[in-house]
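Lettering follows sequence order; numbering is per chain, from 1. Since the structure is predicted, the reported quantities are computational estimates derived from the model, not experimental observations.
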Amino acid sequence: MQPLPPTFAERDATVVAPELLNKLALVHGRLARITEVEAYTADDPASHSFKGRTGRNAAMFGPPMHWYVYLIYGMHHCLNLVTGPEGEGQAVLIRSVLIDGVDPARTVGPGRLCRELGVHRSFDGSFAELFDDGIAPPGEPEITPRIGITKAADWPRRWRVVRP
DNA sequence: CAACAGATTCTCT
DNA sequence: GAGAATCTGTTGT
């Protein structure tokens with residue numbers, strides 16, 4: 001178990017996202033293995049940072065290797081890792097994770113995993129504790145278009161671990 | 001102050 | 001696979 005250095009996140013979201021697969025995030029004392037991610041950059045019409053900095057997305061423009069958490073649909077939280085040079089407004093959305101001893105159905109989907117891990121808005125802007133346990137992903141990462149959004153949905157910026 | 005957005009989830013078919 | 005539900009925080013006037 002080796003902690004990932006902050007430099008890990010100091011690169012473009014499209015580079016960090018696939019590397020994030022099978023890494024471990026420590027959230028509220030629990031380890032979650034990342035199995036699906038999605039990259040968002042400032043030039044992406046679907047990104048919160050597209051229209052510039054606002055009160056809500058401030059963390060996205062903050063230092064990388066920190067969490068950006070927002071509330072969506074008035075009820076679901078989404079967890080993002082801020083990446084890229086500070087101030088650029090890049091992030092990687094964590095879409096699915098696996099936790100030992102927890103039914104995968106509870107941790108597949110951005111809203112679900114936040115509920116399971118107890119991630120809420122107060123987590124916004126905190127340092128992201130990420131680890132690498134050296135275990136390789138079970139298969140080649142699969143690159144697919146994004147889902148659940150209306151703008152630029154066909155951009156191939158979603159990565160997930162293919163089940164063995 | 002009011003309109004609005006929304007990167008979801010669930011429940012059907 | 002498609003459509004409805006659903007509710008705050010955010011944003012701009």
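Summarising the geometry, the separation between CG on A:Asp124 and C1' on B:dA7 is reported as 15 Å, rounded to the nearest angstrom.
Side-chain atoms of A:Ser126 come within 3.5 Å of backbone atoms of A:Phe123 as a donor-acceptor pair (strictly under, hydrogens ignored).
Shown for residues 76-84 of chain A: residues whose heavy atoms fall under 4.0 angstrom of DNA chain B, namely A:His76, A:Asn80. Against DNA chain B, the stretch residues 99-112 of chain A makes heavy-atom approaches under 4.0 Å through A:Gly109, A:Pro110, A:Gly111, A:Arg112. For residues 10-28 of chain A, proximity to DNA chain B is found at no residue, defined as any non-hydrogen atom under 4.0 angstrom from a strand atom.
Within the structure, every pair that satisfies the salt bridge (charged side-chain N to carboxylate O under 4.0 Å, His left out) test and touches residues 4-13 of chain A, not counting sequence neighbours, is listed here: A:Arg11-A:Glu19.
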Item to check | B/S/- contact track for nucleotides 6-13 of chain C, protein heavy atom under 4.0 Å | outcome: SBSSSS--
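Look at A:Asp103 and A:Arg106 and you find no salt bridge, because none of the NZ, NE, NH1 or NH2 atoms lies under 4.0 Å from a carboxylate O. One finds a salt bridge joining A:Arg33 and A:Asp133 here, because a Lys/Arg side-chain nitrogen approaches an Asp/Glu carboxylate oxygen to under 4.0 Å.
In this structure, A:Ile135 stands alone, with no Ile, Leu, Val, Met, Phe, Trp or Tyr side-chain heavy atom under 4.5 Å from its own, directly or through other members. As a member of the Ile/Leu/Val/Met/Phe/Trp/Tyr network built from side-chain separations under 4.5 Å, A:Phe50 groups with nothing else and remains a singleton. Here A:Leu24 sits in one hydrophobic cluster together with A:Met1, A:Leu26, A:Leu31, A:Phe131; the rule is ILVMFWY side chains under 4.5 Å apart, joined directly or through other members.
Distances shorter than 4.0 Å separate some side-chain N or O of A:Arg95 from OP1 or OP2 on B:dT8.
Across A:Glu38, A:Glu36, A:Glu142, a single residue satisfies salt bridge (charged side-chain N to carboxylate O under 4.0 Å, His left out) together with A:Arg160, and that is A:Glu142. Among the candidates A:Thr107, A:Leu113, A:Val97, the single residue satisfying the side-chain contact (heavy atoms from CB on, under 4.5 Å) test with A:Val102 is A:Thr107.
Ring-to-base geometry places A:Tyr40 in a stacked arrangement with B:dA7 (centre distance under 5.5 Å, plane angle under 30°).
The side chain to side chain contact (heavy atoms under 4.5 Å, CB included) check on A:Ala91 picks up A:Met60, A:Asn80, with sequence neighbours excluded. Residues forming a side chain to side chain contact (heavy atoms under 4.5 Å, CB included) with A:Ala42 (at least two apart in sequence, or on another chain): A:Ser49. Remark: A:His77 engages no residue in a ring pair (Phe, Tyr, Trp, His ring centres under 6.0 Å) (not counting sequence neighbours).
Under 3.5 Å, the side chains of A:Thr35 and A:Arg95 contain no donor-acceptor pair of N or O atoms.
Among the duplex regions that DNA chain B forms, those built from at least three successive Watson-Crick or G-U pairs under 3.5 Å are B:1-6 with C:7-12, B:8-12 with C:1-5, ordered by first number.
The two residues A:Leu71 and A:Arg56 have their closest heavy-atom pair at O-NH1, 4.4 Å.
In this structure, the ring of A:His48 has its center less than 6.0 angstrom from the ring center of A:Tyr70.
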